[in-house]
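I have a structure I would like to understand better, so I am pasting it below and will then ask my questions one at a time.
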Number of protein chains: 2
Amino acid sequence: METGTRRSSRRTEALSRERIVEAAVELLDTTGEGGLTFRALAERLATGPGAIYHHVANKGELLSAATDDVVAAALDVEPPASPPADRIRAVALSLFDAVDEHPWVAAQVSDSLWQVTAPRILESIGRQVRALGVPENDWFVTTTVLMQYILGAAAQNAANARVAGPDADRSELLGAMATRWSELDPGDYPFTRAVAGQMREHDDREQFLSGVDLVLAGITALHLPVEQPERR
Amino acid sequence: METGTRRSSRRTEALSRERIVEAAVELLDTTGEGGLTFRALAERLATGPGAIYHHVANKGELLSAATDDVVAAALDVEPPASPPADRIRAVALSLFDAVDEHPWVAAQVSDSLWQVTAPRILESIGRQVRALGVPENDWFVTTTVLMQYILGAAAQNAANARVAGPDADRSELLGAMATRWSELDPGDYPFTRAVAGQMREHDDREQFLSGVDLVLAGITALHLPVEQPERR
DNA sequence: ACCTGAACACCGTTCAAGT
DNA sequence: ACCTGAACACCGTTCAAGT
């Protein structure tokens, strides 16, 4: 045993863009945004830093490819055979969870090469918008607003989660933040103080879904032809 | 003349946190995200890099303070004496434009120390939500959703604008993007292709305001007590 | 107490030299 | 064609030494 020549167990597999991006995602997940280094990545792939540049133009492209991988995987789940609104909720939640699990994706959302990934999301949500009965003239506005809300909320949620690392006690964090809010100047921040309690109790995913419902209700109110709903 | 001792014209003013943050904002605006360097900042302030650390803990805190400055200025405009919904639109647009003018703010939105700035925005929007007649139990959800949409949309808009620098021809960019969209695989991207034309024609600020209206309509539908509107 | 600026430990990226 | 890894030009941050 331990011949070292068996195909499936050889130590050095050929370098490829695919393997590089995969390793990058792992590194980002494990060590965070700052952990992705060409040196660290090269070591993990048992090669030198220069080798990576034969498959990837630069760090920006690498990050963009990693983001695209994560988003593509999140959108790959087959939506259930349910009404369009529910499918939108499903897609939204899938993206939300993906960003939550890979918080470094959030920073990419506000970055350039993102353009590559945008059509993926637009397509996935847009089909449901169409199925919802939104008139064609409103497809772009409606779908874009949904996408903007979903990504914006996911990004801000991930930012909050990133502050204290993955092992932090969530309710403790919320508690600390709520306390900070209640200590704000009563003259300048009456609303924020009044709302600190609700902040402490809230659940991120529930809050997110409420937002999706809100946008959906807005779409219904503004962009769906009025047909007596249910009643006849 | 040119005595060099007059108070208002001396070349070296005392270093202060305020002056440092101010210079950082200028540098970020002028040279972009990558242009903010302790060396460049020190040169601009006619001092050494180490001096800055006497007033600011590190680069993260500096970026956070710069962001807070910009947001505070954007929220400082007195809202007109108009209905709450219009005041929400005004605040939203003011933030949108601020992020558009200072695109580096977008990246900060998905970053940690942001927490400092969040209450500012929450307070400003929340007061209008309250004036709108939203029941107290829904204050937090409602205001947060608005904030998430506003910041998310602003960030994604800034990202798009950042791709080609400030001098790029906007309609040319949209055209190129629309063309790319129409060249996507018809089997995989039917919706995106169908919507490419609307994307080419759209106006960013208008699109953004439509989104705010959509969220407002959702709030009205879900969170405002039903009272016969206008009619009696 | 504040400033200076050289020095340290890193980083992305390049490129001659190898296979 | 692909890989190697030393070298280059940078960066954030520190710290002894000055005022």
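The structure presented is a predicted model; accordingly, all values stated were derived computationally and were not measured. Chain letters run A, B, ... following the sequence lines, proteins first and then strands; every chain starts at 1.
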Notebook entry, point to check: Who does C/dA9 pair with, Watson-Crick or G-U, both distances under 3.5 Å?
Noted result: none
Notebook entry, point to check: B/Leu36 near the nucleic acid: base, sugar-phosphate alone, or nothing, with a heavy-atom cut-off under 4.0 Å?
Noted result: sugar-phosphate
Check: Taking the side chain of B/Pro49 as its heavy atoms from C-beta onward, which of C/dG5, D/dC11, C/dC3 lies nearest to it?
Finding: C/dG5
Notebook entry, point to check: Ignoring hydrogens and geometry, is there a side-chain-to-backbone donor-acceptor pair from B/Arg193 to B/Leu184 under 3.5 Å?
Noted result: yes
Check: What is the distance from CG of A/Leu45 to C1' of D/dC2, rounded to the nearest Å?
Finding: 15 Å
Checklist line | Whole-Å distance separating the CD atom of B/Glu61 from the P atom of D/dG12 | finding: 15 Å
Next item on the list: Measure the distance from NE2 on B/His54 to P on D/dC15 and round it to the nearest whole Å.
Entry: 12 Å
Check: Under 3.5 Å, side chain of A/Thr30 to main-chain N/O of A/Glu26, donor-acceptor pair present?
Finding: yes
Note to self: Can you measure B/Arg17 atom CZ to C/dC2 atom P for me and round it to whole angstrom units?
What the structure shows: 14 Å
Next item on the list: To the nearest Å, give me how far apart CD (B/Glu43) and C1' (D/dC11) are.
Entry: 15 Å
Note to self: Measure NZ/A/Lys59 against C1'/D/dC10 and give the value in whole Å, please.
What the structure shows: 14 Å
Check: Is the shortest side-chain N/O distance from B/His55 to OP1 or OP2 of C/dC2 below 4.0 Å?
Finding: no
Check: Does C/dC3 have a Watson-Crick or wobble partner in any strand here, with both distances under 3.5 angstrom, and which is it?
Finding: none
Checklist line | Length of the CG-P vector between A/Leu63 and C/dT13, whole Å | finding: 10 Å
Notebook entry, point to check: According to the Watson-Crick and G-U wobble definitions, with both distances under 3.5 Å, which nucleotide is paired to C/dA17?
Noted result: none
Next item on the list: Evaluate the ring planes of B/Phe96 and B/Phe208, with Trp represented by its six-membered ring, and classify them as parallel (under 30°), tilted (30 to 60°) or perpendicular (over 60°).
Entry: parallel
Notebook entry, point to check: Can the ring centres of A/Tyr149 and B/Tyr149 be said to be less than 6.0 Å apart?
Noted result: no
Margin query: Rounded to whole Å, please give me the gap between CZ in B/Arg39 and P in D/dA9.
Written below: 14 Å
Notebook entry, point to check: Across the strands shown, which category fits A/Ile52 at heavy-atom distances under 4.0 angstrom: base, sugar-phosphate, nothing?
Noted result: nothing
Note to self: Using a strict threshold of under 4.0 Å (side-chain N to carboxylate O), is an ion pair present between A/Arg127 and A/Glu123?
What the structure shows: yes
